[in-house]
**Student:** 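Let me give you the structure first, and then I'll get to my questions.
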Amino acid sequence: MKNASVVIALVIGMVIGLLVGRMTAEGTAPSGTPTVAAAPAPSAAEAVRGAPAAPSDDPTYRIEVGDAHFKGPADALVTIIEFSDFECPFCSRVNPTIKQIQDTYGDKVRIAFKHNPLPFHKNAGPAANAVEAAGAQGKFWEMHDKLFANQKALTRPDLDGYAEEIGLDMGKFKAAMDGNAFQQKITAQQAEARRLGASGTPGFFINGKFLRGAQPFPRFKEVIDRELAAAEKLVATGVAKAQVYERTIARGLTKAAPPPQQAPNQRPARPQFGDVKVGDAHVKGPADAKVTIVEWSDFECPFCSRVVPTIKELTDSYGKDIRIAFKHQPLPFHKNAHLAAQAVEAAGAQGKFWEYHDKLFANQKALDRPQLEQYAGELGLDMAKFKASLDQGAFKKKIDAHSNEGRGVGANGTPTFFINGRLLSGAQPVDAFKRIIDEELKKADAALQAGTPRSGLYEKLLADNAKLFKNAPAPSPAAPAAPAAPVDIKAGNSPAKGPENAKVTIIEFSDFQCPFCSRVNPTISQIMDEYKGKVRVVFKHQPLPFHQDAPLAAEASLAANAQGKFWEFHDKLFANQKAIQRPQLEQYAGELGLDMAKFKAALDQGTYKAAVAADQAEARKYGASGTPTFFINGRKLVGAQPFPAFKALIDEELAK
């Protein structure tokens, strides 16, 4: 019997279908919680908004354990098969939930692990091969845990190091890695995932019922309990426990259910197009290329960095047939993105745009001024000119112009691509690009044969696509949704900053372990600065169930609040989101000069548990299922929105 999987995954959003890694800068931003659904793949930005677990009439899929490693008895009444990716952050975040499932249900549940390394995770494939090589030596789960504990260090030397640490025969391990010994198995499991509609990671099949994303324990529990009750009924009729799983999935679907058909009177949606010019963007590839890809990007956006290998693969595959143009869209909650954009333009002025571009994406977490100067020095730039460009803001206007242009054509989030004007959003897999590129190459060849000069090819193809999309039938107009009525939500005794008689009160539901919550903090500071005396911000707690350290952190912040240091403690927690366990919480309390005896007693006695639970109940009452969620004079705004989204509502409320 093979071991099975302690599993994985969050997302926002998340979580993730083909992981359309797009962090929206306008509209509803990701709340940091992955979406659950039962069929078509969601985008990376999707977030749990209180969607119910799979209903009992969800389809059952016929999925065998096969050659997957698993944990739990072979005759368990419930089998959970997980498709996962060792480089996917949402996969690692669901591991504590999987452990909770094992602890709760014991021998009633078996968990099997299958591979679905996503194409934009360059180390996920080798990591999958490594864990299988370890499994061949009886150490699958030991290696599994090593990989998820070290997601950002999965290069070949790292994998070799972990193999040594867990005591593998290194000769056999290296031979398996060098020969990609398990690639066929991994590829087969990937194909199975796609066939069953589990395109993103993590994806789970619970006795054949599909559950997508890094869901909290109650979502799993609802499905498990239902399947367990059905299995126990089978056993009561005389079915052997070892036959329960096979009987349960026997008539299941063998491929994903097709999407619902359009109603006969419903017109197809219009294809999306943008009349985008290359303009002053830096480019690579010939000016007369058959296909031009204009990209709007942000050097601090993780999804933008993930698509860099995809762009390289495209340029390698298509050679002189494609041209890449880079434009800037630094998102407002990425505090270093705008300066990084200025720096790359300063490097471009010295002929080193793409070299500097690569430096920035390779070092996304180190983009403040000293590091930007360091990279310039490493590339041999004239440092006097480089520093002067940053000091004088020489390229601010260019970057802002790119940003405005992007918003004008719908590039509000990053990354966004226009392929001969055709919109493609997010960190899509290479096949998504190739499908459009191949179509455009055929159009380009036809235009050239018809006499279009190479020098005018891009303009010709843009014009043709504009006509094509303009003439496409528009969808039937739907009645506009009525805006949600403001809710009567009270500040109560929650921590607040700003005058009590402020004309605008913003009530925020947040989670100290949620990355999107920390990203919106600079926006909140900007609001307080620009609307001084007119806005009050109230903080309420909504620790999400899969963030295991968030509830205690929430209690700790209220213990600090009791000593007059809530906001100082709040800032400490968001500055150290990956270190908020009990010892660190006490450390931060000490650094802020709190009375440690009182602070520790509050945590030991659970003094503020009820207060946190009350906030959570209030969040559920008003539909704040994800984080962050804001109520601006009772008007709901979801996600880590940019400043303009807040400003629009605040200005309306002030005008009242």
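Basis for what follows: all heavy atoms, side chains included, without hydrogens, waters or symmetry-related copies.
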**Student:** Is there a side-chain contact between V65 and R110 in this structure, where contact means two heavy atoms from C-beta onward sitting under 4.5 Å apart?
**Tutor:**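 Yes, side chains in contact.
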**Student:** Evaluate the side-chain proximity of T254 to R195: yes if any heavy-atom separation is below 4.5 Å, no if none is.
**Tutor:**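 Side-chain contact under 4.5 Å: yes.
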**Student:** Using modelled atom types and a 3.5 Å cut-off, is there a donor and acceptor pairing between side-chain atoms of Q190 and backbone atoms of H115?
**Tutor:** no
**Student:** So for atom CG, which belongs to D107, do other residues, nucleotides or ligands contribute more than 12 heavy atoms lying within a distance under 6.0 Å?
**Tutor:** no
**Student:** For the residue pair Y105 / D225, report whether a side-chain donor-acceptor contact shorter than 3.5 Å exists.
**Tutor:**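 Per modelled atom types, D225 and Y105 side chains form a pair under 3.5 Å.
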**Student:** Determine yes or no for a side-chain-to-main-chain donor-acceptor pair under 3.5 angstrom, with Y608 supplying the side chain and L552 the backbone.
**Tutor:**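 Pair absent, no side-chain N/O of Y608 close to backbone of L552.
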**Student:** Any chance you could measure F217, atom CZ, to T97, atom OG1, to the nearest 0.5 Å?
**Tutor:** 8.5 Å
**Student:** Is K209 reaching over with its side chain to a backbone N or O of V223, donor-acceptor style, under 3.5 angstrom?
**Tutor:** no
**Student:** To the nearest 0.5 Å, what is the distance between CG (L154) and OH (Y162)?
**Tutor:** 6.0 Å
**Student:** So which heavy atom on Y245 is nearest to which on I63, and how close?
**Tutor:**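 Smallest heavy-atom distance, with atoms named: OH-O, 2.5 Å.
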**Student:** Under a 4.0 Å N-O cut-off, is there an ion pair linking R582 with D604?
**Tutor:** yes
**Student:** For the CD1 atom of I206 and the CZ atom of R219, what is their distance to the nearest 0.5 Å?
**Tutor:** 12.0 Å
**Student:** Given side chains that start at C-beta, do those of Q641 and T523 come closer than 4.5 Å, heavy atoms only?
**Tutor:**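 In short, these two side chains do not touch, never coming nearer than 4.5 Å.
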**Student:** Kindly assign one of parallel, tilted or perpendicular to the pair F113 and F86, based on the angle between their ring planes and the thresholds 30° and 60°.
**Tutor:** parallel
**Student:** Between I580 and Q513, is a side chain to side chain contact (heavy atoms under 4.5 Å, CB included) present by the stated rule, with each step listed?
**Tutor:** CA-CA 8 Å; I580 56 172; Q513 210 169 348; 4.1 Å; yes
**Student:** Which heavy-atom pair separates H69 from F140 by the least distance, and what is that distance?
**Tutor:**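 Between these two residues, the closest heavy atoms are CD2-CD1, 3.3 Å.
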**Student:** Using side chain to side chain contact (heavy atoms under 4.5 Å, CB included), reason through F539 and I524 one step at a time and then give a plain yes or no.
**Tutor:** CA-CA 11 Å; F539 189 97; I524 298 300; over 6 Å; no
**Student:** Check for a donor-acceptor pair, side chain of Q189 on one end and backbone N or O of I186 on the other, with a separation under 3.5 Å.
**Tutor:** no
**Student:** Hey, does the side chain of Q542 reach the backbone of G626 with a donor-acceptor pair shorter than 3.5 angstrom?
**Tutor:** no
**Student:** Below 4.0 angstrom, N of the basic side chain to O of the carboxylate: do D103 and K99 qualify?
**Tutor:**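 Yes, charged N to carboxylate O under 4.0 Å.
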**Student:** Would you say the side-chain atoms of D85 pair up with the backbone N or O of L118, donor to acceptor, closer than 3.5 Å?
**Tutor:**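 Yes, because the side chain of D85 sits within donor-acceptor range (under 3.5 Å) of the backbone of L118.
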**Student:** Would you say the side-chain atoms of Q183 and T187 include a donor-acceptor pair closer than 3.5 Å?
**Tutor:** yes
**Student:** Apply side-chain hydrogen bond (donor to acceptor under 3.5 Å, both in side chains) to T155 and D158, showing your working.
**Tutor:** CA-CA 5 Å; T155 64; D158 297 320; 2.7 Å; yes
**Student:** What's the shortest heavy-atom distance between V239 and Q243, and which atoms?
**Tutor:**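 Shortest heavy-atom contact: CG1-CB, 4.0 Å.
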**Student:** Only pairs at least two apart or in different chains count here, so list each salt bridge (Lys or Arg N to Asp or Glu O under 4.0 Å) that has a residue in residues 115-129.
**Tutor:**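 Those involving residues 115-129 do not exist here.
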**Student:** L331 versus R519: any side-chain heavy-atom pair under 4.5 Å?
**Tutor:**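 They are not in contact (no side-chain heavy atoms under 4.5 Å apart), so the answer is no.
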**Student:** Hey, can you tell me if F512 and F574 have their rings parallel, tilted or perpendicular (30° and 60° cut-offs)?
**Tutor:** tilted
**Student:** Would you check, one step at a time, whether the test side chain to side chain contact (heavy atoms under 4.5 Å, CB included) holds for L196 with F210?
**Tutor:** CA-CA 9 Å; L196 296 172; F210 186 36; over 6 Å; no
**Student:** Starting at CG of D488, measure out to CZ of F631 and round the result to the nearest 0.5 Å.
**Tutor:**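 CZ of F631 is found 11.5 Å from CG of D488.
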**Student:** Sort out for me which residue in K108, Q100, Q102 forms a side chain to side chain contact (heavy atoms under 4.5 Å, CB included) with T104.
**Tutor:** Q100
**Student:** Any chance you could measure F509, atom CZ, to S625, atom OG, to the nearest 0.5 Å?
**Tutor:**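 The CZ atom of F509 sits 11.0 Å away from the OG atom of S625.
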**Student:** Is the closest side-chain heavy-atom distance between T607 and E555 below 4.5 Å?
**Tutor:**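 The answer is no; the side chains never approach within 4.5 Å.
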**Student:** Just by modelled atom types, is the K185 backbone N or O under 3.5 Å from a matching donor or acceptor in the D67 side chain?
**Tutor:**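 Side chain of D67 to backbone of K185: no pair is present.
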**Student:** I need the minimum non-hydrogen distance between G197 and R212, along with the two atoms involved.
**Tutor:**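 What the structure gives for the nearest pair is O-NH2, 3.2 Å.
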**Student:** Would you compute the distance between atom NZ of K365 and atom OG of S305 and round it to the nearest 0.5 angstrom?
**Tutor:** 10.0 Å
**Student:** Keeping to residues at least two apart or across chains, list the side chain to side chain donor-acceptor pair (under 3.5 Å) pairs with something in residues 610-619.
**Tutor:** K540-E618
**Student:** What is the minimum heavy-atom distance between D511 and A550, and which atoms define it?
**Tutor:** OD1-CB, 3.5 Å
**Student:** Decide yes or no for Q584 and D549: does some side-chain heavy atom of the first lie under 4.5 Å from some side-chain heavy atom of the second?
**Tutor:**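 The answer is no, as the side chains (C-beta and beyond) never meet within the 4.5 Å cut-off.
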**Student:** Donor-acceptor pair, distance only, cut-off 3.5 Å: does the side chain of N207 make one with the backbone of L77?
**Tutor:**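 Side chain of N207 to backbone of L77, a donor-acceptor pair under 3.5 Å: yes, one is there.
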**Student:** Between I224 and V78, what is the shortest heavy-atom contact and its length?
**Tutor:**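 Of all heavy-atom pairs spanning I224 and V78, the closest is O-CG2, 4.2 Å.
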**Student:** Which is it for I249 and Y61 under the side chain to side chain contact (heavy atoms under 4.5 Å, CB included) test, yes or no, and what are the steps along the way?
**Tutor:** CA-CA 6 Å; I249 65 169; Y61 291 88; over 6 Å; no
**Student:** Could you name each residue pair satisfying salt bridge (Lys or Arg N to Asp or Glu O under 4.0 Å) that touches residues 228-248, not counting sequence neighbours?
**Tutor:**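 Listed once each, the pairs are R62-E246.
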